[in-house]
Amino acid sequence: IADLKAQGITIIYISHRLDELFEVADRLTVMRDGEIVTTQNIEDITKPQLIAWMVGRTLKESFPERHVKYGDVVLEAKDLCGNGVGPISFQLHAGEVLGFGGLVGAGRTEIARVIFGADKRTGGSLLVDGKEVRFHTPMDAIQSGIGLVSEDRKNQGVLQRMAIDFNISLPIIKELSKATFIDKGKENSVVNQQIEELQIKTPSTRQLVANLSGGNQQKVVLAKWLASDSRVLILDEPTRGIDVGAKQEIYRLINALAEQGKAIILITSEMEELLGLTDRMLVLYEHKYVGSIERENYSQELVLQYASGETKM
């Protein structure tokens, strides 16, 4: 971009990554709901001002306050290995948000897929409610109350060319069916409840998911697991590719789900999210577990130290 600019070429740069905008832009135009809100020189803008323009309101804090009340251990891994990752051990309690930290490629997604039965376990054990389980397919995990919000929303999270109601009801299609027919009344009740609770913006339950914004698509992914009454939610990069306003809604939703007693594993490459949303975190380096950090000891420096493989203080 700098080279093109030096050649006198004008560039229009569009991004959700606010740090990038401050790094490359000379002037910045903010749009919301299809209309221009303001245009300002970049040196006259602060990040809080920019966020307020983007979402149409002032955000007093980036992350909602956490009120941690742990319940029983819902999920436990003992020396779990698979997909080139491990061994890793941890306990996940009801009402807890457990972060998986590490650099891109550290093995966070890989171990999440093993937990969900999408990839083969090669060692160790996994327990749900204290009883050992062995998931051969994702359906096994779903039946045990585990849901996975994949990092690849478009290819693995939703069926883009299908309607919202189909996507939300898909994991519980058996429960909504009588013989070979779907009970449309029951399906509509479940789908409308999720649309209302997650505030999914859509003109109809028959709207194709591909026609929704990134944030609302992500809500559809979450809705299908909430409709199936998942007790454990694995959220892999849940705010990737959505705007700052939708991120705030996802943050509040994660907090609300934890307060309802859901057990959550959060994987994110955003350091601020990892520090702001989780109660504690496990850190991986080159597909191996290197340590855990309690919330009271959180710091970016310590997380990066672990994530780079250095565990000596």
Side-chain angles (χ1 to χ4, degrees), residues 73-94 96-153 155-157 221-222 225 230-240 254 258 262-271 273-275 277-294 302-311:
V73 174
V74 179
L75 181 71
E76 182 175 4
K78 295 182 177 180
D79 296 323
L80 186 65
C81 300
N83 216 0
V85 184
I88 183 170
S89 300
F90 63 87
Q91 290 184 331
L92 178 65
H93 298 78
E96 180 180 20
V97 181
L98 174 65
F100 279 9
L103 303 177
V104 174
R108 300 166 302 166
T109 294
E110 287 80 359
I111 201 66
R113 288 177 57 83
V114 172
I115 294 170
F116 191 59
D119 289 318
K120 186 179 179 181
R121 183 204 311 176
T122 57
S125 58
L126 196 65
L127 292 81
V128 174
D129 294 329
K131 297 180 180 179
E132 185 170 355
V133 294
R134 183 169 288 277
F135 301 148
H136 299 287
T137 68
M139 184 56 69
D140 296 334
I142 293 168
Q143 291 174 347
S144 290
I146 299 175
L148 170 65
V149 174
S150 169
E151 64 173 341
D152 187 353
R153 179 178 66 243
N155 292 314
Q156 297 178 359
V221 182
L222 285 163
W225 297 123
S230 297
R231 295 180 302 139
V232 177
L233 289 170
I234 305 171
L235 309 181
D236 193 353
E237 304 287 1
T239 63
R240 176 177 290 175
I254 290 172
K262 304 289 186 184
I264 298 171
I265 293 175
L266 176 65
I267 302 170
T268 176
S269 299
E270 300 284 342
M271 178 69 77
E273 291 182 355
L274 199 59
L275 297 174
L277 292 171
T278 64
D279 302 312
R280 62 188 176 96
M281 74 176 78
L282 310 180
V283 186
L284 286 84
Y285 171 71
E286 293 187 346
H287 286 208
K288 295 188 182 300
Y289 165 75
V290 292
S292 63
I293 307 174
E294 299 295 328
L302 183 58
V303 176
L304 289 173
Q305 179 181 329
Y306 273 65
S308 61
E310 179 57 59
T311 56

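Residue numbers count from 1 along this sequence.
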| request: Name all residues meeting the side-chain hydrogen bond (donor to acceptor under 3.5 Å, both in side chains) criterion together with H287; count only those two or more places apart in sequence or in a different chain, and write none if there are none. | output: none
| request: Could you tell me whether the side chain of W225 and the main chain of L233 form a donor-acceptor pair under 3.5 Å? | output: no
| request: Give a yes or no answer on whether the side chain of D279 reaches the backbone of V97 with a donor-acceptor pair at less than 3.5 Å. | output: yes
| Whether K262 side chain and S230 backbone form a donor-acceptor pair below 3.5 Å | yes
| message | Does this structure show an ion pair linking D140 with R134, if we count only N-O contacts that are shorter than 4.0 Å? | response | no
| Within the distance-only criterion (no hydrogens, no angle test), does the side chain of R153 pair as donor or acceptor with the backbone N or O of R240 below 3.5 angstrom? | yes
| message | Test of understanding: with side-chain contact (heavy atoms from CB on, under 4.5 Å), list the residues that count as partners of Q156, not counting sequence neighbours. | response | R113, S150, D152
| request: Using a 4.5 Å cut-off on heavy atoms from C-beta on, say whether the side chain of R121 contacts that of I115. | output: no
| task | Compare all side-chain heavy atoms of L127 with those of V133 and state whether any distance is below 4.5 angstrom. | result | no
| Only one of L266, T278, I264, L282 forms a side chain to side chain contact (heavy atoms under 4.5 Å, CB included) with L98, so which one is it? | L282
| task | Taking the side chain as every heavy atom from C-beta outward, state whether L235 and I265 have any atom pair closer than 4.5 Å. | result | no
| said: For M271, is the CE atom crowded, meaning more than 12 foreign heavy atoms sit under 6.0 Å from it? | reply: yes
| Note, I111 side chain near I88 side chain (heavy atom, < 4.5 Å) | yes
| said: Going by ring-ring contact (aromatic ring centres under 6.0 Å, His included), name the residues that satisfy it together with F90, two or more places apart in sequence or in a different chain. | reply: F100
| Does E96 reach the main-chain N or O of H93 with its side chain, forming a donor-acceptor pair under 3.5 Å? | yes
| field | Heavy-atom donor-acceptor pair, E76 side chain to L126 backbone, under 3.5 Å | value | no
